*Asks:* 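Have a look at the structure that comes next, please.
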Amino acid sequence: MPDLTRNAVDVLPAGRLAEQLEEGRPLRVKLGIDPTTADIHLGHTVVLEKLAEFQRAGHQVVLIVGDFTAQVGDPSGRSATRPVPSAEEIEANAATYQDQAFKILDRERTEVRRNSEWLRMEPEALLGLLAQTTVARLLERDDFQKRMAASQPIAALELLYPLLQGYDSVAVEADVELGGTDQKFNLLFGRDVQGAYGQKPQSIMTLPILVGTDGGRKMSKSLGNYVGVTDAPEEMFGRLMSIPDEAMPEYYRLLLGSEQPGGPPNQAKRELGRRLVDRFHGGGAGAAAEDRFNRIHVQHAVPDEIPEVGLDAYRADGNGLVHLPRLIAAAFDLSSSEGRRLLQQGAVKLDGEPLGAEPLDREIDSLDGHVLQVGKRRFCRLRATP
RNA sequence: GGGGGAGUGCCAGAGCGGUCAAAUGGAUCAGACUGUAAAUCUGACGGCUAUGCCUACGCAGGUUCGAAUCCUGCCUCCCCCA
């Protein structure tokens with residue numbers, strides 16, 4: 001039987017999980033994810049993979065979509081109050097989160113709950129929950145200490161968060177709760193809440209936070225250094241190729257559960273990319289993404305499939321002339337000012353030949369059927385007839 | 001209840017009457033280089049069929065030849081004391 005604590009940073013209280021496993025019954029293992037952004041990224045999958053391990057070992061996984069707590073905002077690891085998404089955004093995200101999570105978890109064997117089920121409670125019940133702790137206890141957490149030291153605001157709402165998350169554990173009668181290391185306070189706090197409600201406190205396990213593609217800060221959507229599990233194969237492969245070599249061992253260990261193979265870093269990184277693309281897009285997708293990557297970035301060639309753009313809509317006022325800035329803007333979803341700048345920078349190519357800054361208008365016949373390219377990665381084929 | 005401070009571009013953050021489409025850093029995009037969409041270096045980075053025009057520094061007015069910068073009101077936020 002595989003060691004369920006592999007890669008874990010904290011498993012608390014000491015020895016508790018081992019005792020629970022000794023009991024021989026399926027444990028209820030909880031993970032909560034707030035649908036605050038649209039996509040789950042590889043950072044989230046570190047914990048999801050661990051959850052899948054529990055699942056494969058026969059335990060009952062309880063995935064909580066925090067549609068209610070998303071409105072509160074988890075202060076974990078935050079130096080400022082989290083902006084609260086609109087109800088519509090939360091709803092939309094909540095729907096896609098489940099599908100994304102099931103790229104890793106076994107749908108049939110996962111209990112999915114939304115915490116609005118029980119957190120949308122009567123005010124009296126909420127007061128009862130609030131009575132279970134003290135402000136001093138809530139302020140203990142590192143995030144708040146830092147903010148107070150820096151005279152940064154702490155929203156009263158944020159104080160509530162650990163209580164609500166803890167109540168989730170009560171509602172689903174969790175035996176074990178997983179989370180990133182930044183969740184340690186919340187996870188431990190859940191034990192207190194469970195105790196207050198007469199339940200046997202859960203044990204907790206924290207897992208490392210995956211570093212982002214910049215190799216420095218944690219992977220997060222807002223930092224733009226993430227790889228989303230729904231990213232297109234070549235996007236995913238490309239982003240993975242851009243991680244610093246030093247980050248590779250960690251990616252191997254946390255995402256693939258193995259050591260980085262020996263040999264040239266380039267080979268190892270390509271393997272990492274292929275394997276992860278395969279995982280999220282099915283077998284063979286990794287190799288295909290690598291092919292495309294090679295074409296574009298190594299051979300500087302045009303990919304097989306590129307979109308077509310009709311030219312007629314971008315004719316200049318006169319007749320057979322096409323105004324390039326407008327064409328570029330429309331073809332690649334930019335502004336025409338950006339189109340001009342790109343032309344000036346020599347970033348726009350027609351069949352691989354740079355188009356200079358002048359002239360701005362070209363004969364439509366000289367463009368028809370040719371490949372327009374902006375930078376290294378954006379291509380389209382031009383057609384005179386729509 | 002009292003006192004102090006802040007609202008600027010995608011984010012952070014300078015500017016505090018003209019030379020400000022607004023320093024600097026991050027993000028982003030492009031060029032060079034490269035095993036790489038890394039690192040590094042260079043450049044760009046509101047919009048517009050464009051040597052000019054339009055929009056923009058919380059909102060609304062006002063002073064001035066001229067305002068992000070001064071004044072008035074309003075809105076929002078933060079800190080400290082109680």
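It should be emphasised that the depicted structure is a prediction, and the values quoted were computed from it without experimental measurement. Lettering of chains follows the sequences in order, A, B, ..., and the numbering in each one begins at 1.
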*Asks:* Could you list all the salt bridge (Lys or Arg N to Asp or Glu O under 4.0 Å) pairs where at least one residue sits in residues 183-198 of chain A, not counting sequence neighbours?
*Replies:*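 Checked against salt bridge (Lys or Arg N to Asp or Glu O under 4.0 Å) - neighbours excluded - the pairs reaching residues 183-198 of chain A are A/Asp10-A/Lys184, A/Arg137-A/Asp192.
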*Asks:* How about A/Gln20 and A/Asp175: does a side-chain donor come under 3.5 Å of a side-chain acceptor?
*Replies:*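 There is no such pair between these side chains.
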*Asks:* Is A/Leu12 isolated, or which residues cluster with it under the ILVMFWY side-chain rule of less than 4.5 Å, directly or via members?
*Replies:*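 A/Leu12 shares its hydrophobic cluster with A/Leu187, A/Leu188, A/Ile204.
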*Asks:* Can you check the A/Ile328 CD1 to B/C29 P distance for me, whole Å?
*Replies:*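 Distance, rounded to whole Å: 17 Å.
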*Asks:* Considering only the C1' atoms, how many Å lie between B/A37 and B/C29, rounded to the nearest integer?
*Replies:*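 Looking at atom C1' only, B/A37 and B/C29 are 12 Å apart.
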*Asks:* Do A/Glu235 and A/Arg377 have side chains that approach each other closer than 4.5 Å (heavy atoms only, starting at C-beta)?
*Replies:*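 Yes, close enough: below the 4.5 Å cut-off.
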*Asks:* Holding to side-chain contact (heavy atoms from CB on, under 4.5 Å), I want the full list of residues that pass it with A/Glu338, two or more places apart in sequence or in another chain.
*Replies:*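 Per chain and number, A/Glu338 pairs via side-chain contact (heavy atoms from CB on, under 4.5 Å) with A/Leu334, A/Ser335, A/Arg341.
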*Asks:* Rounded to whole angstrom units, what separation is found between the CD atom of A/Gln373 and the P atom of B/C29?
*Replies:*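 In whole Å, B/C29 P lies 15 Å from A/Gln373 CD.
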*Asks:* Using only side-chain N and O atoms of A/Ser336, determine if any of them is under 4.0 Å from OP1 or OP2 of B/G47.
*Replies:*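 It does not, given that no N or O in the side chain of A/Ser336 lies less than 4.0 Å from OP1 or OP2 of B/G47.
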*Asks:* Heavy-atom nearest nucleotide on RNA chain B for A/Met248 versus A/Ala329: which residue maps closer to 5'?
*Replies:*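 Residue closer to the 5' terminus by nearest nucleotide: A/Met248.
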*Asks:* Spell out protein contact along nucleotides 76-82 of chain B as letters: B when the base is contacted, S when just the sugar-phosphate is, - when no protein heavy atom is under 4.0 Å; keep the 5' to 3' order.
*Replies:* --SS---
*Asks:* Can you sort out the partners of A/Ala18 under side-chain contact (heavy atoms from CB on, under 4.5 Å), two or more places apart, ordered by chain and number?
*Replies:*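 With neighbours one apart ignored, the set is empty.
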*Asks:* What interatomic distance, in whole Å, is found between P of B/C70 and the corresponding atom of B/G7?
*Replies:*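 Nearest-Å result for B/G7 against B/C70 at atom P: 11 Å.
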*Asks:* Between B/A21 and B/C57, how far apart are the C1' atoms? Round to whole Å, please.
*Replies:*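 Straight-line distance between the two C1' atoms is 10 Å.
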*Asks:* Take atom C1' in B/G46 and the same atom in B/U55, then report the distance between them in whole Å.
*Replies:*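 It works out to 8 Å between them.
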*Asks:* Rounded to whole angstrom, note down the P distance from B/C10 over to B/G58.
*Replies:*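 Nearest-Å result for B/C10 against B/G58 at atom P: 13 Å.
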*Asks:* Using the P atoms only, state how far B/C54 lies from B/U19, rounded to an integer number of Å.
*Replies:*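 That atom pair is separated by 16 Å.
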*Asks:* In whole angstroms, how far is the P atom of B/U49 from the CZ atom of A/Arg362?
*Replies:*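 Answer to the nearest Å: 18 Å.
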*Asks:* Stem finding on RNA chain B, please: runs of three or more consecutive Watson-Crick or G-U wobble pairs, both distances under 3.5 Å, sorted by first number.
*Replies:*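 Counting only runs of 3 or more consecutive pairs, the stems involving RNA chain B are B:1-7 with B:75-81, B:10-12 with B:24-26, B:28-32 with B:40-44, B:46-48 with B:52-54, B:58-62 with B:70-74.
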*Asks:* For a 4.5 angstrom cut-off between non-hydrogen side-chain atoms, does A/Asn115 reach A/Leu164?
*Replies:*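 No, side chains not in contact.
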*Asks:* Check side chain to side chain donor-acceptor pair (under 3.5 Å) between A/Glu19 and all other residues, then give those that pass, not counting sequence neighbours.
*Replies:*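 For A/Glu19, the residues satisfying side chain to side chain donor-acceptor pair (under 3.5 Å) (neighbours in sequence not counted) are A/Arg16.
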*Asks:* Can you tell me how far P of B/A50 sits from CD of A/Gln344, to the nearest Å?
*Replies:*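 These atoms are roughly 14 Å apart.
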*Asks:* By the side-chain hydrogen bond (donor to acceptor under 3.5 Å, both in side chains) test, which pairs, at least two apart or in different chains, include something from residues 244-253 of chain A?
*Replies:*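 side-chain hydrogen bond (donor to acceptor under 3.5 Å, both in side chains) check on residues 244-253 of chain A returns A/Asp245-A/Lys269.
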*Asks:* Could you measure between the two C1' atoms, the one in B/A32 and the one in B/G66, and give it in whole Å?
*Replies:*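 Rounded to whole Å, the distance is 44 Å.
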*Asks:* Is there any salt bridge (Lys or Arg N to Asp or Glu O under 4.0 Å) pair reaching into residues 195-210 of chain A, and which pairs are they, with sequence neighbours excluded?
*Replies:*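 Output for this query is empty, none listed.
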*Asks:* Taking B/G47 as the reference, what is the distance to B/G13 when you measure between their P atoms (whole Å, please)?
*Replies:*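 Each nucleotide's P atom is 24 Å from the other's.
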*Asks:* Clusters formed by hydrophobic residues whose side-chain heavy atoms approach within less than 4.5 Å: which one holds A/Val9, and what are its other members?
*Replies:*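 Hydrophobic cluster check, A/Val9: no partners found.
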*Asks:* What does nucleotides 36-46 of chain B look like as a protein-contact string, B for base, S for sugar-phosphate only, - for none, at under 4.0 angstrom between heavy atoms?
*Replies:* BBS----BSS-
*Asks:* For B/C48, take OP1 and OP2 only and decide whether either is under 4.0 Å from a side-chain N or O of A/Arg340.
*Replies:*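 Result: no.
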*Asks:* Report the distance from atom CG of A/Leu372 to atom P of B/A30, rounded to the nearest whole Å.
*Replies:*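 Distance check: A/Leu372 CG to B/A30 P gives 13 Å.
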*Asks:* What pairs with A/Asp351 under side chain to side chain donor-acceptor pair (under 3.5 Å), at least two apart in sequence or on another chain?
*Replies:*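 Checked A/Asp351 against side chain to side chain donor-acceptor pair (under 3.5 Å); matches are A/His370.
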